[in-house]
Amino acid sequence: QNPTPTPDSGSGDAPDSNSGENPPDAPNPPDAPNSNDSNHDWLWFVLGGLLLALIIAAIVLWTRRRLAATNPLNLCRETRSAQVASLILYRGILTLLAQTGNMPMRGETPDAFAARVNSVLPNDDYIAFVSEVARSRYSGKPVSAATIERGRRAYQSFYQGLRRTERMRYLLSRILHGNGSIDEI
């Protein structure tokens with residue numbers, strides 16, 4: 001005599017219709033992922049991250065090249081003309097000084113501007129450099145190598161004296177606008 005299992009005893013191999021389980025032969029429910037479909041969302045994150053890194057690297061590279069291309073010290077080294085080199089340095093110094101709030105006033109001579117700047121930011125090389133550049137510019141006399149060296153020292157001194165915010169503004173100005181035209185001097 002075989003005893004018949006009762007529905008609430010839970011014995012036997014047949015699944016309980018109220019348990020929520022599918023019998024082994026039943027198809028997967030529609031919301032369950034198919035074993036043949038793989039989730040590639042992670043790949044999009046990796047590709048997006050790589051694209052972002054590539055964009056950042058391109059911006060950094062372009063910025064570094066732009067700063068090197070607008071550096072007055074580099075530009076005056078690349079020119080063969082001492083006259084042009086002196087004007088490049090002078091324009092670079094004017095652009096730098098503008099970030100400190102020091103700009104030539106309308107009608108102010110280069111020597112008067114240099115004296116005014118020197119009273120706030122002492123720099124003897126700048127005074128001598130401006131005097132020689134102005135004399136050369138207006139008289140046509142050639143600029144000496146010593147004048148160029150004074151200009152380099154004056155530029156470096158002013159650059160090193162910039163506060164962090166002034167330096168950032170100066171570099172941003174060079175990136176976006178360069179140093180300005182030497183024709184306007």
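In this chain, numbering begins with 1 at the start of the sequence shown.
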Please tell me whether T109 and D111 have a donor and an acceptor in their side chains that are separated by less than 3.5 angstrom.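 No, no side-chain donor-acceptor pair sits under 3.5 Å.
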Would you please say whether a donor-acceptor pair under 3.5 Å links the side chains of S144 and E132?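 No, E132 and S144 have no side-chain donor paired with an acceptor closer than 3.5 Å.
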Just so I know, are the side chains of [X] and [Y] near enough to count as touching, which here means a heavy-atom distance under 4.5 Å?
{"X": "R169", "Y": "L162", "value": "no"}
{"X": "I148", "Y": "V143", "value": "yes"}
{"X": "V133", "Y": "P110", "value": "no"}
{"X": "I93", "Y": "V130", "value": "no"}
{"X": "L89", "Y": "R152", "value": "yes"}
{"X": "T100", "Y": "Y170", "value": "no"}
{"X": "T95", "Y": "S173", "value": "yes"}

Parallel, tilted or perpendicular: which fits the ring planes of Y155 and Y159, with parallel below 30° and perpendicular above 60°? parallel
Parallel, tilted or perpendicular: which fits the ring planes of Y90 and Y126, with parallel below 30° and perpendicular above 60°?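 Correct class here is parallel.
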Nearest 0.5 angstrom please: [X] [atom1] to [Y] [atom2], how far?
{"X": "N71", "Y": "E78", "atom1": "CG", "atom2": "CD", "answer": "9.5 Å"}
{"X": "H177", "Y": "T70", "atom1": "NE2", "atom2": "OG1", "answer": "11.5 Å"}
{"X": "Q156", "Y": "F158", "atom1": "CD", "atom2": "CZ", "answer": "12.5 Å"}
{"X": "I59", "Y": "L54", "atom1": "CD1", "atom2": "CG", "answer": "10.0 Å"}
{"X": "R150", "Y": "T147", "atom1": "CZ", "atom2": "OG1", "answer": "5.0 Å"}
{"X": "R153", "Y": "D124", "atom1": "CZ", "atom2": "CG", "answer": "10.5 Å"}

Can you see which heavy atom on [X] is nearest to which on [Y], and at what distance?
{"X": "N102", "Y": "L121", "answer": "ND2-CD1, 3.7 Å"}
{"X": "A68", "Y": "N74", "answer": "O-ND2, 3.1 Å"}
{"X": "C76", "Y": "T79", "answer": "O-CG2, 3.3 Å"}
{"X": "I182", "Y": "R91", "answer": "CG2-CB, 4.1 Å"}

Short question: side chain of S86, backbone of Q83 - any donor-acceptor pair under 3.5 Å?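 Confirmed, S86 side chain pairs with Q83 backbone.
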What's the verdict on side-chain contact (heavy atoms from CB on, under 4.5 Å) for I88 and V84, showing C-alpha distance, side-chain angles and the deciding distance? CA-CA 6 Å; I88 289 170; V84 172; 3.8 Å; yes
Would W42 end up clustered with L47 when hydrophobic side chains under 4.5 Å apart are linked, directly or stepwise? yes
Taking I55 as the starting point, is it possible to reach L50 by hopping between hydrophobic residues whose side chains are less than 4.5 Å apart?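 Shared cluster, no.
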For L97 and M103, what are the C-alpha separation, side-chain angles and deciding distance, and is it a side-chain contact (heavy atoms from CB on, under 4.5 Å)? CA-CA 7 Å; L97 288 173; M103 296 180 296; over 6 Å; no
Stepwise, does the side-chain contact (heavy atoms from CB on, under 4.5 Å) test hold for R174 with L171? CA-CA 5 Å; R174 274 185 31 210; L171 294 175; 3.8 Å; yes
For R116, does the CZ atom sit with more than 12 other heavy atoms under 6.0 Å from it, leaving out its own atoms? yes
